[in-house]
Amino acid sequence: MRYWLMKTEPDGFSIDDLKRRKREPWSGVRNYQARNMMRDDMQPGDPVLIYHSSCEIPGVAGIGEVASDPYPDPTQFDRKSDYFDPRSTRETPRWMLVDVAFRRKFREVVSLDRLKEQKALADMVALKRGNRLSITPVTKREFECIANLETKA
DNA sequence: GCCAACGTTGGC
DNA sequence: GCCAACGTTGGC
């Protein structure tokens with residue numbers, strides 16, 4: 001089992017939206033590294049930290065889990081979508097995604113500031129300077145550290 | 001295959 | 001809205 005962090009902008013899709021919908025295709029990822037992780041490395045049941053970015057309090061808002069095998073992102077075929085990709089065909093789709101299911105929402109967001117204070121998270125990929133990847137791997141230790149911070153909120 | 005220009009991300 | 005960091009594009 002592997003652990004992940006997936007970013008989302010809460011103005012567009014938040015932990016509350018995930019809670020309401022229970023499960024959501026993680027569409028719109030247009031970065032090859034992130035795609036490769038969804039396509040090659042994720043397994044149904046893998047825990048996912050849901051991270052809110054580009055918002056008032058950036059940080060981890062809750063926990064979800066990988067809920068499907070990879071499959072083509074349907075938005076790449078949709079001319080009306082912002083994520084339409086004319087280079088993609090049904091036969092050779094360029095972008096793959098997984099569904100993410102809701103597990104729980106933290107009582108309060110574990111803020112980026114708080115994450116940065118943790119020695120145990122010093123090497124966390126998502127916190128590395130300049131990292132813009134919307135999906136990153138997380139170690140078990142890092143995952144548990146963050147879950148613990150929430151219970152101490 | 002190099003690399004400058006350009007676009008995007010995301011914290012501040 | 002600024003800007004650092006980094007990915008992508010396209011001319012050569």
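Lettering follows sequence order; numbering is per chain, from 1. Please read all numbers here as calculations on a predicted model, not as lab measurements.
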Show me the donor-acceptor pairs within less than 3.5 Å that the side chains of residues 40-48 of chain A make with the rest of the protein, sequence neighbours left out.
from	atom 1	to	atom 2	distance (Å)
Asp46(A)	OD1	Arg2(A)	N	3.3
Asp46(A)	OD2	Trp4(A)	NE1	3.0
Asp46(A)	OD2	Gln43(A)	N	3.0

Tell me, please, which residues at least two apart from [X] pass side chain to side chain contact (heavy atoms under 4.5 Å, CB included).
X	result
Arg20(A)	Asp16(A), Asp17(A)
Ile57(A)	Val109(A), Ser111(A)
Ser27(A)	Asp73(A), Thr75(A), Leu97(A)
Lys140(A)	Tyr3(A), Glu144(A)

Which residues, if any, of residues 79-97 of chain A bring a heavy atom under 4.0 Å of DNA chain C?
-> Arg87(A)
How is Lys128(A) classified with respect to the nucleic acid when contacts are heavy atoms under 4.0 Å: base, sugar-phosphate, or nothing?
-> nothing
Going by the ring-ring contact (aromatic ring centres under 6.0 Å, His included) test, which pairs reach into residues 25-74 of chain A, not counting sequence neighbours?
-> Tyr32(A)-Trp95(A)
Hey, where on DNA chain B does chain A first and last touch, going 5' to 3'? Cut-off is any atom under 4.0 Å from a heavy atom.
-> dG7(B) to dC12(B)
With sequence neighbours left out, what residues match Arg87(A) under salt bridge (charged side-chain N to carboxylate O under 4.0 Å, His left out)?
-> Asp85(A)
Heavy-atom pair with the smallest gap, counting every atom of Asn131(A) and Leu133(A) | OD1-N, 2.8 Å
Can you list the residues that meet the ring pair (Phe, Tyr, Trp, His ring centres under 6.0 Å) rule with Phe106(A), with sequence neighbours excluded?
-> none
Tell me the stems DNA chain C sits in, counting at least three consecutive Watson-Crick or G-U wobble pairs, each under 3.5 Å on both distances.
-> B:1-12 with C:1-12
Quick one: side chains of residues 60-68 of chain A, donor-acceptor pairs under 3.5 Å with protein atoms, not counting sequence neighbours, listed by atom name and distance.
from	atom 1	to	atom 2	distance (Å)
Glu65(A)	OE1	Arg103(A)	NE	2.7
Glu65(A)	OE1	Arg103(A)	NH2	3.1
Ser68(A)	OG	Asp99(A)	N	2.8

